[in-house]
Amino acid sequence: MYDPTHFENLKVAFENRIYDLDNIDGLIAIVDRADRTNHAVLSRELSMKFTLIGLPEVMAEVVLAASLEDLAGEILEIPDAIPGCSLELQFFKRVHDVSVQCEQISEALYAVWENDIELTQTLSFKYGEEASSYLNRIKVKFNTKISEDNMREVVPFLDHVLKSLELLNEI
């Protein structure tokens, strides 16, 4: 019988909770969803983008991914394999005062997520147009893999995402 992988089970947990936050709780609006299988490298990825209701200026993206190594280690029960998934969070926000706002963003996200993250901010603007503001892609990478053992952490994790969105909207 088929036994779902960590990725499949976590994917369902994340999808269910995010859809509940949209459809039942009315706290967010989902703006995009992608469920990808990359046949070139045999990996899986779920991406869900959303904003807080009434605050579309800042968007969050939750990305759950499993590599070939992760999937094979689990399915083939390879000794010493550490099966699991990587979890990444991205926020997209326009900034006008780069030196001030980027520092505030960093402080706010480290306050929410503490030292469990790797934070990167990448600024961009459209060439040919005057840059009165920049699009800030804020990438929050978590240093540990997650597995089915972390199922109970999905709800608190998404609560932290909502708190991060609130803080980023204030900056």
Side-chain angles (χ1 to χ4, degrees), residues 3-25 27-52 55 58-78 80-93 102 105-122 135-169 171:
D3 187 21
T5 62
H6 292 295
F7 176 83
E8 290 296 330
N9 288 326
L10 285 165
K11 179 183 108 154
V12 169
F14 274 100
E15 284 176 319
N16 286 344
R17 182 60 189 142
I18 291 171
Y19 280 117
D20 285 351
L21 288 168
D22 182 356
N23 298 318
I24 296 172
D25 301 333
L27 297 174
I28 66 168
I30 297 171
V31 295
D32 192 21
R33 177 192 176 281
D35 186 354
R36 298 180 191 94
T37 301
N38 185 329
H39 292 281
V41 294
L42 300 175
S43 65
R44 295 288 314 272
E45 182 180 282
L46 171 72
S47 164
M48 294 189 77
K49 294 180 182 176
F50 53 89
T51 62
L52 292 174
L55 298 168
V58 182
M59 182 172 53
E61 178 181 25
V62 175
V63 181
L64 179 70
S67 67
L68 171 62
E69 182 180 49
D70 294 328
L71 295 167
E74 180 180 0
I75 293 167
L76 299 174
E77 298 177 4
I78 297 172
D80 299 326
I82 303 171
C85 302
S86 64
L87 186 60
E88 187 177 284
L89 185 56
Q90 295 187 85
F91 297 98
F92 301 88
K93 173 184 176 54
C102 289
I105 289 167
S106 182
E107 288 173 6
L109 291 177
Y110 276 114
V112 171
W113 298 101
E114 299 175 357
N115 293 326
D116 298 336
I117 62 169
E118 224 176 274
L119 184 65
T120 308
Q121 296 185 58
T122 305
L135 178 61
N136 190 354
R137 178 176 164 235
I138 306 150
K139 187 174 178 180
V140 179
K141 187 171 186 282
F142 300 91
N143 297 321
T144 57
K145 287 184 188 180
I146 63 170
S147 68
E148 291 168 339
D149 296 338
N150 303 101
M151 284 290 215
R152 284 191 158 86
E153 297 170 32
V154 170
V155 170
F157 172 83
L158 290 169
D159 289 344
H160 279 66
V161 174
L162 297 181
K163 178 65 176 170
S164 298
L165 276 170
E166 289 171 6
L167 292 171
L168 291 174
N169 272 290
I171 296 173

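Sequence positions, counted from 1, serve as the residue numbers for this chain. Being a predicted model, the structure only gives us computed values, none of them experimental.
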Please round to the nearest 0.5 Å and tell me the distance separating atom CZ of F92 and atom NZ of K49.
5.0 Å
When you measure from the side chain of K93 to the backbone N and O of I171, does any donor-acceptor pair fall under 3.5 Å?
yes
When you measure from the side chain of N16 to the backbone N and O of A13, does any donor-acceptor pair fall under 3.5 Å?
no
For I78 and A72, the nearest pair of non-hydrogen atoms, with its separation, is CD1-O, 3.9 Å
Hey, what do you get for NZ (K139) to OG1 (T122), rounding to the nearest 0.5 Å?
8.0 Å
Positive for side chain to side chain contact (heavy atoms under 4.5 Å, CB included) with D70, one of K145, H6, R44:
K145
Is there a side-chain contact (heavy atoms from CB on, under 4.5 Å) between E88 and Q90 once you walk through the steps?
CA-CA 7 Å; E88 187 177 284; Q90 295 187 85; 3.7 Å; yes
What's the verdict on side-chain contact (heavy atoms from CB on, under 4.5 Å) for L10 and L46, showing C-alpha distance, side-chain angles and the deciding distance?
CA-CA 10 Å; L10 285 165; L46 171 72; over 6 Å; no
Could you measure the distance from the CE atom of M48 to the CD atom of E15? Nearest 0.5 Å is fine.
6.0 Å
To the nearest 0.5 Å, atom CZ of R137 lies from atom CG of L135 at 9.5 Å
Beyond-backbone contact of L55 with L165, side-chain heavy atoms, under 4.5 angstrom:
no
Which atoms form the tightest heavy-atom contact between A108 and L167, and what is the distance?
O-CD1, 4.1 Å
Can you name the nearest heavy-atom pair linking C85 to A66, along with the distance?
SG-CB, 4.3 Å
List for me each residue that meets side chain to side chain contact (heavy atoms under 4.5 Å, CB included) alongside L42, sequence neighbours excluded, and say none if there are none.
L68
Sequence-distant partners of A34, side chain to side chain contact (heavy atoms under 4.5 Å, CB included), two or more places apart
R36, S47
Nearest-0.5 Å distance that lies between atom CG in L64 and atom CG in D35
9.5 Å
Got W113 and L89 here, is their nearest side-chain heavy-atom distance under 4.5 Å?
yes
Tell me whether S106 contacts the main-chain N or O of C102 through its side chain, where contact means a donor paired with an acceptor under 3.5 Å.
no
Quick check for you: to the nearest 0.5 Å, what is the distance between E74 atom CD and T5 atom OG1?
5.0 Å
Test side-chain contact (heavy atoms from CB on, under 4.5 Å) on L109 and F91; report intermediate values, then the result.
CA-CA 11 Å; L109 291 177; F91 297 98; 4.1 Å; yes
Is there a side-chain contact between S67 and V41 (heavy atoms, below 4.5 Å)?
no
Contact between F157 and N150 at the side-chain level, heavy atoms closer than 4.5 Å - yes or no?
no
Considering only heavy atoms from C-beta outward, does the side chain of F50 approach that of V161 to under 4.5 Å?
yes
